[in-house]
Amino acid sequence: MAKTAARAKLKKDAPKKAPVHKAVAKPATKPAPKPAPTAAAKREKAASPKERQRFTLYGSATSGPTYTAALGLALMRHPYSYIHVNLREGAHKQPDFLVKNRYGQVPVLRDGQMMAVQSAAILLHLAESLDKFHSKQPVEKQRVREWLFWQWDKLAVPVFRLRAKARGQRQFGDELRILYDTEARAALAVLEHELARNEWIVGKKPTVADIGIYGVLRYAPEANIDLGHYPSVLSWKKRFEELPGFATPEQLLPLESRLI
Ligand SMILES: N[C@@H](CCC(=O)N[C@@H](CS)C(=O)NCC(=O)O)C(=O)O
């Protein structure tokens, strides 16, 4: 009882605590709202440092195959560093580049310790390792590979040769020009037939087969090929360009290296 009385007295005599005033800073003017981070910036921030440094793409801004690889990374929403390789100065034929790509070409994609080359093989590697833009169904998986091989065999060569001629990078006469033109039209007719029946090249979703083919057809106008004759190809192209993460060559391929 005595203890309780003493405790009550102590409490009564204890100095009162100063009231805590919460400082509410009222800004004179409203601060400007921070710009919302872009989807790409959010992704880069979310990736662990190791993941952020995982990929480096070596390429050239005007190279279609470099665009294909960059487009794969963009659509799969993975950050990467970009190293510009100066083709005009022959940087792709120097020993330090040939150890990355024995064929002396861009693009090269470094994934950790591994160097991946050939844009179609790079796409397949990305699809497998990031588990995106591919099918796990065996028949569809095989179809994706077939289209990517076909695309280089029948579509990319005539389109890129005609583009190179139009850009003054290659010289050839009418005979070859007509041959490449005929080949490009034949390949586009195959695509038109397929895309008249299906939304995407393989299965019900876009795969790396779509990315590889888009990476070539993006340059059709520069090769003086009119896609207007292929309405299903045009609708597919439009659908493809609406995919999240889609970007043009100008948006993806800087003229200088860009490290993250
Ligand atoms: N099939 C290759 C083609 C790559 C290619 O032709 N790259 C060109 C630039 S667009 C190149 O490096 N050309 C230089 C050369 O072949 O010596 C791929 O898909 O990666």
Side-chain angles (χ1 to χ4, degrees), residues 55-76 78 80-111 114-129 133-134 144-172 176 180 183-184 187 191 201 207-225 247-258:
F55 293 118
T56 301
L57 178 64
Y58 296 78
S60 156
T62 55
S63 153
T66 302
Y67 172 55
T68 298
L71 186 57
L73 285 158
L75 289 164
M76 294 184 205
H78 207 294
Y80 60 95
S81 287
Y82 177 78
I83 305 285
H84 168 68
V85 179
N86 195 329
L87 300 185
R88 272 197 204 153
E89 287 177 8
H92 55 310
K93 303 296 180 196
Q94 300 306 312
D96 64 330
F97 190 81
L98 291 172
V99 295
K100 298 182 184 70
N101 184 351
R102 65 188 73 77
Y103 311 123
Q105 292 183 312
V106 291
V108 171
L109 181 72
R110 183 188 61 77
D111 177 358
M114 189 191 74
M115 297 293 172
V117 303
Q118 293 292 329
S119 56
I122 290 173
L123 283 180
L124 286 168
H125 171 69
L126 287 174
E128 288 277 325
S129 60
F133 283 83
H134 73 149
V144 169
R145 283 195 287 255
E146 288 169 6
W147 277 105
L148 284 171
F149 277 74
W150 170 86
Q151 171 246 290
W152 268 102
D153 185 25
K154 293 292 182 190
L155 182 70
V157 171
V159 172
F160 285 147
R161 295 267 154 88
L162 289 169
R163 177 184 178 230
K165 180 177 168 61
R167 290 172 62 87
Q169 291 165 334
R170 267 185 193 245
Q171 276 80 41
F172 49 79
L176 263 185
Y180 290 140
E183 284 183 357
L191 268 180
I201 309 270
T207 62
V208 281
D210 297 273
I211 303 177
I213 290 170
Y214 184 91
V216 176
L217 289 188
R218 174 81 203 179
Y219 299 95
E222 284 185 42
N224 295 315
I225 296 167
T248 64
E250 295 72 30
Q251 289 166 323
L252 285 179
L253 305 178
L255 294 171
E256 286 174 3
S257 300
R258 187 193 57 203

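In listed order, ligands and their atoms are each counted from 1. The shown structure was predicted, so the numbers you read here are calculated from the model rather than taken from an experiment.
- Proximity to G104 (heavy-atom distance under 4.0 Å) selects the following atoms of ligand 1: 15 (C), 17 (O).
- The closest protein non-hydrogen atom to atom 8 (C) of ligand 1 is V106 O, 3.9 Å.
- In W152, the part holding a heavy atom less than 4.0 Å from any atom of ligand 1 is the side chain.
- Judged by distance alone, the side chain of T68 and the main-chain N or O of G64 form a donor-acceptor pair under 3.5 Å.
- Residue contact check: K93 has heavy atoms under 4.0 Å from atoms 15 (C), 17 (O) of ligand 1.
- The side-chain heavy atoms of F160 and W152, taken from C-beta on, include a pair separated by under 4.5 Å.
- You'll find the side chain of L252 stays beyond 4.5 Å of the side chain of L73, heavy atoms only.
- A distance-only check finds no donor-acceptor pair linking the side chain of E222 to the backbone of Y219 [under 3.5 Å].
- Here is the list of ligand 1 atoms found below 4.0 Å of a heavy atom in H92: 14 (C), 17 (O).
- For the pair Y82 (side chain) and G59 (backbone), a donor-acceptor distance under 3.5 Å is present.
- No side-chain heavy atom of V85 sits less than 4.5 Å from a side-chain heavy atom of S60.
- The P107 neighbourhood of ligand 1 comprises atoms 20 (O), with distances under 4.0 Å to a heavy atom of that residue.
- Between atom 13 (N) of ligand 1 and the options Q105, Q169, Q118, Q151, the minimum heavy-atom separation is to Q105.
- In this structure, Q118 and Q105 have side chains that are in contact, with non-hydrogen atoms separated by less than 4.5 Å.
- The shortest contact between atom 20 (O) of ligand 1 and any protein heavy atom is with S119 N, 3.0 Å.
- Residue contacts with ligand 1 for S63 involve both N, CA, C or O and side-chain atoms from C-beta outward (heavy atoms, distance under 4.0 Å).
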